[in-house]
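Encoded as structure tokens, the structure appears first; notes follow it.
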Amino acid sequence: MERTFFIIKPDAVARGLVGQVIERIERRGFNLEALSMMTASPELIAQHYEHLADKPFFLLLVQYMTSGPVIAGILTGPEVIKSWRDMMGATNPLQALPGTIRGDFATAPVDGIVANVVHGSDSAEAAEREIGLWLGK
Ligand code: UDP
Ligand code: MG
């Protein structure tokens, strides 16, 4: 059994999409092990995305991710890390296929902000690091 870390990002919370995202998680059969609502600090986002710190979009990313409350949580289930990434779809909603969360709920970027509804850890190591950082578990 694997676990992963996920975020329902500020754009999705503001648009009232929390229920629809959670519904997809439950429909797929993954287990919600933890769920927390919070507004992230710039410091937390900078640590979370430290591997992107040198990217030109980093400041915009920090502004986006701190623009309002998020839902952060833990999912468990068989191969959940890859499965959740597949459910999310491509990073850029322009490339995300219909049927994925990003492909169903997000538009192409506007003014360089890739507001793409959800986050998911990309490896077991990232999941453990992110769960510790955000939830202390
Ligand atoms: N992002 C962005 N511009 C880019 C690439 C990424 O604003 O050119 C944002 C986007 O919100 C993305 C996040 O940075 O979800 C993290 O990027 P990553 O490459 O890790 O994509 P993800 O794992 O979220 O698909
Ligand atoms: Mg990533």
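When reading the values below, keep in mind they use all heavy atoms of this one structure, side chains included, and skip hydrogens, waters and symmetry mates. Throughout, residue positions are numbered sequentially from 1 according to the sequence presented. Here the structure is a predicted model, which is why all the values come from computation and not from measurement.
Of the possible donor and acceptor atoms, one in the side chain of R85 sits under 3.5 Å from a partner among the backbone N and O of G120.
Note that the CD1 atom of I131 and the OG1 atom of T4 stand 6.5 Å from one another [nearest 0.5 Å]. Distance check, rounded to the nearest 0.5 Å: CD of E33 to CE of M1 gives 10.0 Å. In this structure, Y64 OH and L59 CG are separated by 15.5 Å, a value rounded to the nearest 0.5 Å. If you take OG on S121 and CD1 on I7, they are separated by 8.0 Å, rounding to the nearest 0.5 Å. Within the model, atoms CZ of R3 and CG of N31 stand 12.0 Å from one another, a figure rounded to the nearest 0.5 Å. Taking CG of L52 as the start and CD1 of I45 as the end, the distance is 11.5 Å to the nearest 0.5 Å.
When all heavy atoms of P78 and S83 are compared, the pair lying nearest together is O-OG, 4.2 Å. Taking both residues in full, the closest heavy atoms of T100 and L97 are given as OG1-O, 2.6 Å, listed atom of the first, atom of the second, then distance. In plain terms, the two heavy atoms of V118 and R102 that are nearest each other are O-NH2, 2.7 Å. Residues E2 and I81 share a closest heavy-atom pair of OE1-N, 3.0 Å.
Residues L35 and I22 form a side-chain contact, since some pair of their non-hydrogen atoms from C-beta on lies under 4.5 Å apart. For the pair E79/D86, no side-chain contact is recorded, criterion being any heavy-atom separation below 4.5 Å from C-beta on. Contact of the E130 side chain with the H119 side chain is registered, since non-hydrogen atoms from C-beta on lie closer than 4.5 Å. Residues D11 and V117 meet the side-chain proximity criterion, which asks for heavy atoms closer than 4.5 Å. Under the 4.5 Å side-chain criterion, counting only non-hydrogen atoms from C-beta, P93 is in contact with V114. Residues L32 and L75 are in side-chain contact: their nearest non-hydrogen atoms beyond the backbone lie under 4.5 Å apart. A heavy-atom distance below 4.5 Å is not found between the side chains of M87 and F6. Using a 4.5 Å heavy-atom threshold, the side chains of K55 and L61 count as separate.
For D104 and R24, the salt-bridge test passes: some basic side-chain N is under 4.0 Å from an acidic carboxylate O.
When each of V21, V70, L17 is checked for a side-chain contact (heavy atoms from CB on, under 4.5 Å) with I8, only V21 meets the rule.
Between F30 and W84, the distance from one ring center to the other does not fall under 6.0 angstrom.
Under the 4.5 Å side-chain heavy-atom criterion for Ile, Leu, Val, Met, Phe, Trp and Tyr, V13 and M38 are members of distinct hydrophobic clusters. Linking ILVMFWY side-chain heavy atoms closer than 4.5 Å, directly or via other members, places L94 and I101 in two distinct hydrophobic clusters.
Between F5 and W134, the ring planes are tilted. Angles from 30° to 60° get that label.
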Go through the steps to decide whether M37 and I71 satisfy the test side chain to side chain contact (heavy atoms under 4.5 Å, CB included), and finish with yes or no. CA-CA 4 Å; M37 190 171 203; I71 303 285; 3.9 Å; yes
